[in-house]
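First the proteins, then the strands, lettered A, B, ... as listed; each starts at 1.
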2 protein chains.
Amino acid sequence: MATGRPTHPADRGRPANRGRGIPEATVARLPLYLRALTALSERSVPTVSSEELAAAAGVNSAKLRKDFSYLGSYGTRGVGYDVEYLVYQISRELGLTQDWPVVIVGIGNLGHALANYGGFASRGFRVAALLDADPAVVGSSAAGLPVRHMDELEQIAEEEQVSIGVITTPPGAAQQVCDRLVAAGVTSILNFAPTVLSVPDGVDVRKVDLSIELQILAFHEQRKSGEDGAEQSVTGPTPKAATKLRRAPSSGTDGEFPAVMPA
Amino acid sequence: MATGRPTHPADRGRPANRGRGIPEATVARLPLYLRALTALSERSVPTVSSEELAAAAGVNSAKLRKDFSYLGSYGTRGVGYDVEYLVYQISRELGLTQDWPVVIVGIGNLGHALANYGGFASRGFRVAALLDADPAVVGSSAAGLPVRHMDELEQIAEEEQVSIGVITTPPGAAQQVCDRLVAAGVTSILNFAPTVLSVPDGVDVRKVDLSIELQILAFHEQRKSGEDGAEQSVTGPTPKAATKLRRAPSSGTDGEFPAVMPA
DNA sequence: TAGATTGTTAATCGATTAACAATC
DNA sequence: TAGATTGTTAATCGATTAACAATC
């Protein structure tokens with residue numbers, strides 16, 4: 001199939017998913033499919049089968065077809081999926097065909113890394129501002145943008161219609177920053193600080209913890225060396241002994257992030 | 001209950017979980033519980049109920065008790081859980097009571113951020129080496145450690161018995177780096193590059209994609225403004241129209257990461 | 001003992017998967 | 001038409017949750 005794209009008679013309206021919405025598990029996989037499709041698109045591959053695309057995305061093909069069925073009937077039996085068309089449909093479903101101004105609060109190493117992260121810009125996310133409360137950081141620049149003072153948040157949020165905020169502050173500052181973001185009208189927050197944030201109804205928070213994945217790896221790694229079934233020390237220490245836990249000589253609170261933002 | 005810790009008569013042996021292992025969903029939550037418990041421990045709180053701990057970790061208490069039941073009977077009815085004891089048991093279960101030497105490959109902004117990330121050191125992870133293939137980066141230092149050349153990998157991995165590797169290279173280099181890590185004996189890989197890695201059996205890969213969470217937020221954010229049910233443009237463009245997708249003017253491949261490591 | 005809270009059961013819900021009829 | 005591959009069904013599996021007996 002070169003230029004002749006499928007007709008898609010079922011194109012107009014066809015949510016395919018019964019009562020309400022797309023399952024969360026499916027939503028979480030759409031970005032994976034999108035990335036694989038984008039790579040195919042760049043190689044000018046016109047169509048792809050569920051089998052091929054599933055392999056590229058690292059899932060099984062039944063799951064992929066099921067996932068796509070929630071979006072509509074975008075494939076052609078006997079042929080596969082039109083790559084460009086599917087890229088568009090998934091982008092639209094994820095809301096990536098519109099422009100999302102984002103503020104990043106806390107410009108340490110991680111804030112820097114995110115500001116430079118090409119994956120944002122290429123998916124409709126635009127960094128509206130980099131903010132920090134530390135006067136030593138304010139005025140420097142990252143990824144070609146100036147770091148501005150936290151106090152400019154409210155004005156920027158209104159002017160640029162910012163609805164998404166990214167928190168990359170130390171944990172102690174996160175809730176405070178979060179409250180301020182919410183007050184400024186932000187309704188979606190991506191939190192990299194290792195803190196559980198409380199937000200009012202209607203505000204979404206998603207959390208990324210860089211050490212959780214490593215801990216999960218350690219869990220499985222431990223089983224590997226343990227062989228047979230990992231029941232290394234079945235007995236375990238008594239509660240008494242447990243008190244003498246090895247603990248990193250860190251000061252004060254968890255101190256998980258490099259100090260970046262005092263306020 | 002001040003000093004009198006529960007007796008835990010059921011202490012010795014008691015996997016509680018039937019046939020095989022702890023559910024993945026439970027394993028993924030153990031780090032959350034551990035963090036909440038660590039915070040309580042630092043405040044010298046001696047015991048905690050499932051209700052309180054669940055609130056601190058952001059889950060519901062039935063789930064938490066069910067999760068803990070897979071580990072054993074570590075609570076005391078009518079009282080709650082001994083904080084220190086539980087910290088120890090969860091740490092042990094996750095394998096965090098041992099030392100895990102880790103190498104980080106690709107020392108750009110993100111590699112820097114991870115090297116500085118206190119959450120690693122405080123949980124048994126020790127950065128054995130920072131590696132990069134770019135001569136301009138090799139020799140500099142990050143988080144007090146020298147950045148060494150990728151060619152030193154094999155020697156370091158053997159000497160330090162490294163079994164966990166972190167990949168923070170650009171996507172183009174990731175598979176190559178991955179192969180080399182595996183050849184050097186690494187059996188767990190945490191991949192921050194937006195690439196699906198292939199590895200032989202027996203090697204675990206976990207993936208962190210900084211933009212996926214943002215895309216999921218955008219999905220939900222879109223529904224908020226759409227009101228009623230988000231069926232904004234039911235028809236959608238034809239496959240033809242889709243070809244003219246807005247695309248960031250990025251060069252070549254996805255280019256998601258700031259250029260860090262040429263090799 | 002009375003009150004509190006765990007550990008477990010059982011019901012429910014949602015996600016995964018294989019299989020295949022529909023159909024290009 | 002024959003071959004290929006989707007979209008959907010139905011069975012299975014795993015995770016969540018409420019409820020409560022066990023027990024400190």
Side-chain angles (χ1 to χ4, degrees), chain A residues 1-2 4-11 14-30 32-33 46-55 57-83 85-86 89 239, chain B residues 1-2 4-11 14-30 32-33 46-55 57-83 85-86 89 239:
Chain A
M1 198 187 106
R5 290 206 181 72
T7 339
H8 295 284
D11 205 14
R14 176 87 119 74
N17 46 339
R18 295 105 343 176
R20 248 23 6 219
I22 300 175
E24 265 308 310
T26 296
V27 172
R29 279 188 294 268
L30 292 181
L32 300 180
Y33 301 142
T47 58
V48 67
S49 70
S50 61
E51 201 68 58
E52 295 164 326
L53 184 56
V59 304
N60 92 23
S61 68
K63 191 188 289 184
L64 178 142
R65 288 198 300 277
K66 185 83 167 128
D67 283 342
F68 286 178
S69 78
Y70 292 113
L71 309 184
S73 288
Y74 295 145
T76 306
R77 290 164 138 103
V79 176
Y81 299 91
D82 181 274
V83 171
Y85 186 53
L86 199 48
Q89 291 298 345
Chain B
M1 198 186 108
R5 290 205 182 74
T7 339
H8 294 285
D11 204 14
R14 177 85 120 75
N17 47 338
R18 295 99 354 171
R20 263 349 38 206
I22 300 173
E24 266 308 310
T26 296
V27 172
R29 280 187 296 268
L30 292 181
L32 300 180
Y33 302 142
T47 59
V48 67
S49 70
S50 62
E51 202 67 56
E52 295 164 324
L53 184 54
V59 304
N60 92 23
S61 68
K63 191 188 287 182
L64 177 142
R65 287 197 302 277
K66 185 81 166 129
D67 283 342
F68 286 179
S69 77
Y70 293 114
L71 309 184
S73 289
Y74 295 147
T76 306
R77 288 164 138 106
V79 177
Y81 299 91
D82 181 274
V83 171
Y85 186 52
L86 199 49
Q89 291 298 346

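Within the structure, every side-chain polar atom (N or O) of B/Tyr81 is placed at least 4.0 Å from both OP1 and OP2 of D/dC24. Taking 4.0 angstrom as the limit, A/Thr76 places none of its side-chain polar atoms (N or O) nearer than this to OP1 or OP2 of C/dC24. Side-chain nitrogen and oxygen atoms of A/Arg65 include none within less than 4.0 Å of the OP1 or OP2 phosphate oxygen of C/dT16.
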Checklist entry - Passes ring pair (Phe, Tyr, Trp, His ring centres under 6.0 Å), B/Tyr74 versus B/Tyr85? Steps please. => result CA-CA 8 Å; B/Tyr74 295 147; B/Tyr85 186 52; 5.6 Å; yes
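Applying the 3.5 Å distance criterion, the base of C/dT23 shares no donor-acceptor pair with the side chain of A/Arg77.
In this structure, A/Glu52 places its CD atom 12 Å from C1' of D/dA4, rounding to the nearest Å. The separation between B/Glu24 atom CD and D/dT16 atom C1' is 17 Å, rounded to whole Å. Between the CG atom of B/Leu71 and the P atom of C/dT8 there is a distance of 12 Å, rounded to whole Å. Rounded to whole angstrom, the span from the OH atom of B/Tyr70 across to the C1' atom of C/dT9 amounts to 12 Å. The CD-C1' distance, from A/Gln89 to D/dT6, rounds to 16 Å in whole Å. Atoms NZ (A/Lys63) and C1' (D/dT9) sit 18 Å apart, rounded to a whole Å. For A/Leu64 and D/dG7, the CG to P distance is 10 Å, given to the nearest whole Å. One atom, CG of B/Asn60, and another, P of D/dA19, lie 12 Å apart when rounded to the nearest Å.
Among the nucleotides C/dT16, D/dG7, C/dA15, the one closest to the side chain of A/Ser69 is D/dG7. Of the candidates C/dT16, D/dT17, C/dG7, C/dG7 carries the atom nearest the B/Ser73 side chain, counting heavy atoms from C-beta on. Side-chain atoms of B/Lys66 lie closest to D/dT16 of the nucleotides D/dG7, D/dT6, D/dT16.
By the salt bridge (charged side-chain N to carboxylate O under 4.0 Å, His left out) test, B/Arg65 is found to be paired with no residue, residues two or more places apart in sequence or in another chain being considered.
Looking at which nucleotide of DNA chain C each of B/Phe68 and A/Gly78 is closest to, the 5′-most match is held by B/Phe68. Between A/Asp67 and B/Ser49, the residue anchored nearer the 5' end of DNA chain C, judged by the nucleotide with its closest heavy atom, is B/Ser49.
Among the atoms of the strands shown, none is found under 4.0 Å from any heavy atom of B/Glu51.
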Item to check | Intra- and interstrand pairs of DNA chain C - dot-bracket, Watson-Crick/G-U under 3.5 Å, | marks other strand | outcome: ..||||||||||||||||||||||
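Across all non-hydrogen atoms, the minimal contact from A/Ser61 to A/Ser50 is CB-O, 3.8 Å. A/Ala57 and A/Leu32 make their closest contact through CB-O, 4.3 Å (heavy atoms, listed as atom of the first residue, atom of the second, distance).
With values rounded to the nearest 0.5 angstrom, B/Thr47 atom OG1 is found 12.0 Å from B/Tyr81 atom OH. Annotation: the span from B/Leu71 atom CG to B/Ile22 atom CD1 amounts to 5.0 Å, rounded to 0.5 Å.
The shortest distance between side-chain heavy atoms of A/Leu86 and A/Leu53 falls below 4.5 Å.
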